[in-house]
Structure formats: C-alpha cells, structure tokens
Amino acid sequence: MTFINNRSNSRHKKPAFHFRRYVIIIYIFSLVNLTFAQKSAARYEIDAKRAGLDVTGKEAMPRSKEFIRLDSTYYVGYLIEGLYKYDRSSDYLGYQLAVKPLAKALNLFEKDFSLNMKNLFSSTQYFVNNNQYFSDFYSIVSTLQYCYNNLEMPDSSMALIQRVESYQFQRDFFSTGADKAWLYHRNRFYTSEKFSFLKNSIAENEKMAFACCYEQIEKIYKNKSVNDYWYGPYQSTDDLMMVYHNLAIIHNYNKNYDSTAYYQQLLMQGGRLSWNNYANDQQELGNFDIATENYAKQEYYGRNFQLSEPHYYLPTMYIYAGKTKEAINMAQAKISQSGSTPGFGWYNIALSRAYLYDGQLDSANFYLDKAANFKELHIGTTLTQSQYDFTINLLRLQLINKKSALIKFLNNGWWYSTDVFEVFSLFIQKTILEYALVNELSGNLERERLIYELFCSESTVTFDESWFLLKEFSKNYFNKKYETYIASDKREKIVRYFKLYNLKFLEELGDESESNQMANQLISETLTGEETTNPNLLVNLEYEKLFIYRLLESAARTSESKDALVAKCYDAFPQLLPFSGLKAKLNLTITGTDDDVISEIKEEIEDCNFENSTEINLPQANINFTKKGSAYLATVTVKNFSTDTEIVSTLVFNDSKDVAKELVLRLFHKGGTGKI
C-alpha cells in the first residue's frame, strides 16, 4: 500500500519537478551564454586595445593588469606582463618574476588554442587566420625558455622544448634540435643525477648534442619540399644556419677542427657567422692576429643584459701582445658602459688581469675583489660559474706570487727586514689558495680540455695563468704529459707552448742543462727561424710578446748569456721583469732638484734589484725632479735602446713615502696615476 500510494504521489508530482529542472537548465545555459558573450566581449576589447601596444613601454604593465581584470582566463594579460618584466630583467630575481606570468600565459594559451596549433599547417588560410596566436605562442615559449636558461634551469627548458615538439610543426621555427643540443653541450659536465635529461659522462652528452643537431637537419630536409611551397625555395637556409652554428661550436670543443672550419664556412656564406665564436676558434689554433681582428668586429647582440664575450677575451689578446694599457682602457670602457649588468663580473676579471700584467698590483687586487663579490649571470655564453670562480682564484694565486716577488725586487735586504714577515704571510695565503685550487681542479671533469691542453675556446684562463698552478704539483707527471702533447697535438702554432711548458718543468725539476738546451732550440725554431722552414713554427712578433718573454726569461735563468737575454726580456715585456727574480740592467741618470727628500728617494732606488750601468746598449732612463712649493714633480723618461721608443710618465708627491718604489716600476713601463 504504501509503496503504491507513494508511486501514485510520485507520479502526481513529477511534472512539477520536470518543470523546475528545465527552468534550472535553461537558467544555466543562459548564464553560460551570457558568460561566454561577456568573455567574448572582454577578449574582443583586449585584442583591440593591445593592437599597437609597445610591450616594453610604460603603458604595458597597466594594460596587462587591465586585461587580466577584464578576463583572467585569457592569456594575453599574462603574456604582456611576462614580456614587460623579462625586458627589464638583469638578475635572478628579475627573471624569476618574469617566469610566473609567462608560465601562466602558456598554460592558458594551450587550454584554449592547443588545437589551433596542432592544425596550424592544415592549410595556408588556416595558418593566416591563426598567425597572431602562433606569434604569441612563439613569444611565450622563446621568452620563457630564455628565462629558464638564465636561471640555470635546463630541466625546465628541456621540458618546454619537448612540449613544443609535441605539436609536430611542419616547419620548426623554434629550432628545437639546436636548442636541445645547446642544453646538452652547455651542461655536459653534469649527469642525470643533477638534471634528468642528461647522460652520465661528458662524452655521452656531447654525443647527444651531435645527435640533436643531425636529427634537426634530417627533419629540415624531410619537410623541405612542402615548406619550399609555403615559404619559397630558400626557407630552409635560415633554419639550417642555427644548427650549423651549434655544430661549429660542438665540433671545436671536440677538436674536430676541419669540421669546425667546414661549418664556419657555411655560416660565413650565409651571413650568419658569429665573429666572436670564430675568434675563439682562431685563438685555440694560435692565430692570435686573426682572433684579435675578429674580436674587435662589431656584432649584434639580442639583448643588452648579457655577456659580450669579445670584451672579455680581447683584453687577453692585448696582453699576449704586450699591450697592457690598451687592455686596461678597453675593460674600463666596457665596465662604464654596461654598469652592474650580466657580464660586469667577467669585465672586472679582464680588467684585473690587465692591471696584473701591467704591474699595477693594487688595482688588480681591487677589481678582482669586485668580481668575486658580484653575483654574475652567465647569459648568452657557455661560460659557467665554476669557471668564473676558478679564474678569480687562479688570478689571485698569481697576484700573491707577484706581491711576494715585488717585495724582494724593491728591497734587496728583505730577508733581514720586517718585509720577511710579509713574505711569510703571503706564503701561507698562497699555500691555502693552492689547496683550494687543487680541490677545484680535481673536481673539474674538463680539466684536461680547459686547463692542460691550453687555449681551448671554452677556457677562461690564459696559458700563463695555468702555469702558476701546475708548476706547484706533480712536476714529473706534467712534464711527461706535455711531452705527449708535443707529439700528438695537431695545432702547429700551439706546440711551441707545450715545449715551453716542457722546458719550464725540466727547470723546476732541477735539470737546468736539458732545460737550457730545449730553450735554445726553441729560440732557434720560433724566433730566429734557423731550424725550420715551416712558417707556422715561427712566433708572431707582434701578437706573441708574452710567449717571447716567458721563453727568454726561462733561457736567461740557465744561460751564460744572461745579460743579453734579460735585455731582450725588457724589450719584449718590461712590466714582467721586476717579478722574475732576474736582475736587469738600466742606464739610469737622476737630475734636477736634490734635497733631503730626494736623497732619501735615491737611496731607496739603489736598494732595488736592478743594476745601474753606464753601458750604452741598454735602456736609457732618466728621472728628473722639480719642486714647486711643497710639491715635487718627477718626470720619468725611458728610451728603449733596441726599438728606439720613448716612454714618459710623471708623478706628483709631497714626501718620500713609496715614491722610490713607484718610480722604479715606472722604469719598467708600469702605468698608474700621476699622483701618490
């Protein structure tokens, strides 16, 4: 009964229930339609207002907020916010702030328009109709990937590339293969333990980098005919250039120099050769003149806030050529121009190195500290933070060595004066730093390629700096290693540097006789040309002054013709002689004012480790003192006997403190300010 009555009651009420349900459904549909209409109207308004908007201008940020308020589910507002923040980013925080809106823009875009992207190449008309969406998709992806790379997030960058690849675009505007190759090469020294996409050795990661490039070339040729129909017969050229760019870099790192030259030639023909990369490669081959010429070429950089590698490497080329003042001026100019943006730390390292080789140790120390205290972003380069730290420490090691050598040069009796405590303190600092550097070196999987082999285009240290570390450890091991390099390395112009290392290790091991014999032979091969008909074995007298100096310096230590060789050292690179332990000869006269202050200065000059000789075939030097009021003016003139060049510098001072030391270093062409 109850059951039947309930049924009958139920049947009686059902029409009313259906009516209410239909009303609710109609109401919901009305709301959906209204919401859709409102959303469509909002998006129409957003699209209209964004037309002609400069995403880097001051109106961009207010507009992005307005667009998000109008429709928070539409990607455009977040895209504009992300592009605006990215454009103003020059540090980690800036790129982190740009990532969030860009990532949200990508998610919202794919939610609404992923089907449009999948069907993008279904017809030319469909492509034209969706061109704005594709342009936005490209902007989101490329900018987000750039941020990930700058934040050292290669896993996120690789995931983003794979996300793009899932659309299987007919034409790869994103150059996904080249970008993946870059990620493998850029992070080659890590393993899958750190970044999941990587392999577990440098060799395997480099193999993957090659594979990604060749896979993209295959894809380009596979779709060439259809893309030629869409874009014209030369459409693939630009796409191939990006791959060739990466292949040239990777082949060079793997010492496939013929392949590197092949791809560089293709890039040159296509007008896409990076003069900076070409200069790096030429430096590795020992063509320092060509490297210098190409570092100096103006090159387009996509952003201001990234390292300009030529401004780091070109000062080093000037140092090799003995042009320390030019190196200082260039680095100073770049620092003034760039401010505290990415690259600032590298430029300060370059400036510190230039001061170091010019004999201005205080300035070298100051700028090295600035570099060490700067949080560098390694943007637009394969250079890494570990290289940055290692380079600073290696320069600091040389700086400590030079500080100790300078004390001994400026005071012949240093060992029985208070200077002995400073020398001992520097020795302790040197020992601690060497320990730290050895730990860095032992943990560096690329030490063979970047440090031992010399002049690798990916290296950030010079052949001279490496010596200051390697000479302290395993001398027998490195002596044999460089004998192997002499026999096996294909770079004819670099072999002489291995020979230089070899003879210097022999000298360190106490075998002065064989070291001297090798030095004389190398002088004959590279400087006089008496033992070779191969022009590649001869040094470039203009661009290899540092090599010439180091060779003559080593020869002078074990030669009976020491004075003649030291004189040639002065001709090649005079700023280095005070730190060599060798005693140079100068023909020095002191003229002008002579009072108690000047007498004290003269006595201190006589205590320095150089010989004042009356021989005429020596550098002719004069220090002239004048006094006006309480101030003194010293004018230093040095005329080089063999080259007939004259160097003039001045120094203003009020008392004798540190004046003699400064004036003596000016005799060896040290630069500096005109006041002390």
Side-chain angles (χ1 to χ4, degrees), residues 324-325 355-356 358-366 402-423 426 566-567 569-570 573-616 618-641 645-676:
T324 53
K325 308 299 188 295
Y355 276 126
L356 187 62
D358 194 56
Q360 300 188 55
L361 303 192
D362 289 343
S363 295
N365 196 92
F366 176 79
K402 287 195 169 184
K403 284 180 178 180
S404 181
L406 186 59
I407 290 171
K408 297 172 185 179
F409 172 76
L410 294 173
N411 182 6
N412 275 320
W414 66 271
W415 53 274
Y416 56 83
S417 72
T418 55
D419 284 341
V420 71
F421 299 108
E422 180 64 18
V423 171
L426 290 168
V566 171
C569 285
Y570 187 95
F573 214 131
Q575 299 97 315
L576 299 182
L577 259 178
F579 310 100
S580 66
L582 297 170
K583 195 165 188 174
K585 285 185 176 182
L586 301 176
N587 188 339
L588 173 64
T589 57
I590 299 177
T591 57
T593 301
D594 190 3
D595 57 17
D596 291 342
V597 172
I598 303 303
S599 294
E600 187 176 344
I601 292 172
K602 287 180 179 179
E603 288 179 11
E604 291 182 19
I605 289 175
E606 290 173 2
D607 283 339
C608 296
N609 189 31
F610 75 95
E611 182 180 341
N612 190 2
S613 172
T614 58
E615 297 175 33
I616 61 170
L618 296 173
Q620 305 295 303
N622 173 258
I623 303 175
N624 184 68
F625 293 103
T626 57
K627 185 179 181 182
K628 187 174 183 180
S630 61
Y632 294 86
L633 171 67
T635 303
V636 181
T637 307
V638 184
K639 189 171 184 179
N640 197 319
F641 176 80
T645 57
E646 189 172 84
I647 304 294
V648 180
S649 63
T650 58
L651 189 69
V652 176
F653 58 94
N654 292 312
D655 55 49
S656 63
K657 184 181 178 182
D658 295 329
V659 173
K661 298 175 182 179
E662 180 66 22
L663 291 176
V664 169
L665 291 175
R666 297 289 178 97
L667 298 176
F668 291 86
H669 296 194
K670 170 189 174 290
T673 61
K675 191 172 183 179
I676 194 170

Do [X] side-chain atoms and [Y] backbone N/O form a donor-acceptor pair below 3.5 Å?
X      : Y      : answer
Asn587 : Glu615 : yes
Asp358 : Gly671 : yes
Asp607 : Asn412 : no
Gln620 : Ile616 : yes

Can you tell me how far apart [atom1] ([X]) and [atom2] ([Y]) are? Round to the nearest 0.5 Å.
X      : Y      : atom1 : atom2 : answer
Leu663 : Ser649 : CG    : OG    : 8.0 Å
Asn622 : Lys639 : CG    : NZ    : 12.5 Å
Phe625 : Leu651 : CZ    : CG    : 9.0 Å
Leu361 : Lys402 : CG    : NZ    : 7.0 Å
Ile623 : Thr635 : CD1   : OG1   : 10.0 Å
Ile647 : Lys325 : CD1   : NZ    : 7.0 Å

Report yes if the side chains of [X] and [Y] come closer than 4.5 Å at any heavy-atom pair, otherwise no.
X      : Y      : result
Thr324 : Phe573 : yes
His669 : Val638 : yes
Lys403 : Asn365 : yes
Leu665 : Leu406 : yes
Leu577 : Val566 : yes
Phe668 : Phe579 : no
Leu618 : Leu586 : no

Margin query: What verdict does the side chain to side chain donor-acceptor pair (under 3.5 Å) test give for Thr591 and Asn624, after you've listed the backbone C-alpha separation in whole Å, the side-chain angles of each residue and the deciding distance to 0.1 Å?
Written below: CA-CA 5 Å; Thr591 57; Asn624 184 68; 2.8 Å; yes
Next item on the list: For Asp595, look at atom CG and say whether over 12 heavy atoms of other residues, nucleotides or ligands are found less than 6.0 Å away.
Entry: yes
Next item on the list: Can you label the angle between the Tyr632 ring and the Phe653 ring as parallel, tilted or perpendicular, going by 30° and 60°?
Entry: parallel
Next item on the list: Report the C-alpha separation of Leu588 and Ile605 in whole Å, then their side-chain angles, then the decisive distance to 0.1 Å, and conclude whether the side-chain contact (heavy atoms from CB on, under 4.5 Å) test is met.
Entry: CA-CA 11 Å; Leu588 173 64; Ile605 289 175; 4.2 Å; yes
Notebook entry, point to check: Given Gln360 and Gln575, is the side-chain contact (heavy atoms from CB on, under 4.5 Å) satisfied, shown in steps?
Noted result: CA-CA 9 Å; Gln360 300 188 55; Gln575 299 97 315; over 6 Å; no
Next item on the list: Give the minimum heavy-atom separation between Asp594 and Ser599, together with the two atoms involved.
Entry: OD1-OG, 3.4 Å
Check: For the residue pair Lys627 and Thr593, what are the closest heavy atoms and their distance?
Finding: N-OG1, 3.5 Å
Item checked: Salt-bridge contact Glu606-Lys602 (side-chain N to carboxylate O under 4.0 Å) -> no
Next item on the list: Evaluate the side-chain contact (heavy atoms from CB on, under 4.5 Å) criterion for residues Ile407 and Leu426: first the C-alpha distance (whole Å), next the side-chain angles of each, then the deciding distance (0.1 Å), finally the verdict.
Entry: CA-CA 11 Å; Ile407 290 171; Leu426 290 168; 3.9 Å; yes
Notebook entry, point to check: Does the side-chain contact (heavy atoms from CB on, under 4.5 Å) test come out yes or no for Val423 and Trp415, once each step is laid out?
Noted result: CA-CA 9 Å; Val423 171; Trp415 53 274; over 6 Å; no
Check: Can you list the steps and then say if Ser656 with Glu604 is a side chain to side chain donor-acceptor pair (under 3.5 Å)?
Finding: CA-CA 9 Å; Ser656 63; Glu604 291 182 19; 4.8 Å; no
